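First comes the structure, then the notes that go with it.
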Amino acid sequence: MKLVVRQSASQALNKVSFSENEGVRIEAIFVGSCSIYVDHYLWIDAKQEEDVLKNVDGIPFLISSESANHLPDILYVDYNPTLGYKLSSDEETYKYNLRLTRR
């Protein structure tokens, strides 16, 4: 999976203080129901053993193998000060109005 961090998101995330072994967790959780649905979250979290660590513009991103199964080949992270963070691909917007919080 390729992670593309837009300039506005990079600027906002570079202001975040991470402790050792922490990063921005991109989480995609399958929600079972009568339709296929995946919910998306952004957390500041500690790296777990099964996580893939991706450094983009000096920002550590954490993605579990389970979340990677539900994410596109290219994922964009964008930011708008009023609307928060947005996760999208070339085909669709997965979630917007995301706030980065500590888990």
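Count residues from 1 along the sequence. Predicted model only: the values in this text are computed from it and were never measured.
Taking every heavy atom of both residues into account, G23 and L62 meet most closely at N-CD1, 3.8 Å. Smallest separation of non-hydrogen atoms from L100 and Y85: CB-CE1, 3.9 Å.
Residues passing the side chain to side chain donor-acceptor pair (under 3.5 Å) test with K47, sequence neighbours excluded: none. Y76 meets the side chain to side chain donor-acceptor pair (under 3.5 Å) test with D90; sequence neighbours excluded.
Residues D78 and S8 bring a donor and an acceptor atom of their side chains to less than 3.5 Å of each other. Side chains of Y94 and S88: a donor-acceptor N/O pair is absent below 3.5 angstrom, by distance only.
Cation-pi check for K86 over Y79 is not met; the charged atom does not lie both under 6.0 angstrom from the ring centroid and within 45 degrees of its normal. A cation-pi arrangement is not found for R25 relative to W43, the charged atom failing to lie both closer than 6.0 Å to the ring centre and inside a 45° cone about the ring normal.
Annotation: the span from I74 atom CD1 to E91 atom CD amounts to 8.5 Å, rounded to 0.5 Å. We find the NE2-OH distance between H70 and Y37 to be 13.0 Å, quoted to the nearest 0.5 Å. In this structure, the separation between CG on D45 and CG on D51 is 7.5 Å, given to the nearest 0.5 Å.
Between R103 and E27 there is a salt bridge, with a side-chain nitrogen of the basic residue lying less than 4.0 Å from a carboxylate oxygen of the acidic one. A salt bridge links K95 with D39: the closest approach of a Lys/Arg side-chain nitrogen to an acidic carboxylate oxygen falls below 4.0 angstrom.
Residues F61 and V5 form a side-chain contact, since some pair of their non-hydrogen atoms from C-beta on lies under 4.5 Å apart. In this structure, the side chains of L75 and K2 stay at 4.5 Å or more apart for every pair of heavy atoms. Under the 4.5 Å side-chain criterion, counting only non-hydrogen atoms from C-beta, P60 is not in contact with V24. E22 places a side-chain heavy atom less than 4.5 Å from the side chain of I44. Residues M1 and D73 have side chains not in contact (no heavy-atom distance under 4.5 Å, counting atoms from C-beta outward). In this structure, H40 and L71 have side chains that are in contact, with non-hydrogen atoms separated by less than 4.5 Å. Residues N14 and V16 are not in side-chain contact: their nearest non-hydrogen atoms beyond the backbone lie 4.5 Å or more apart. You'll find the side chain of V77 reaches within 4.5 Å of the side chain of L3, heavy atoms only.
Note on I26: it does not cluster hydrophobically with V38, by side-chain heavy-atom contacts below 4.5 Å among ILVMFWY residues. Hydrophobic cluster membership is shared by F18 and L42, with clusters built from Ile, Leu, Val, Met, Phe, Trp and Tyr side chains linked at under 4.5 angstrom.
Surrounding CD of Q7 are at most 12 heavy atoms belonging to other residues, nucleotides or ligands under 6.0 Å away.
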*Begin with the C-alpha distance, continue with both residues' side-chain angles, and end with the deciding distance and a verdict on side-chain contact (heavy atoms from CB on, under 4.5 Å) for S67 and I29.*
CA-CA 6 Å; S67 290; I29 300 174; 5.6 Å; no
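At least one donor-acceptor pair closer than 3.5 Å links the side chain of N80 to the backbone N or O of L83.
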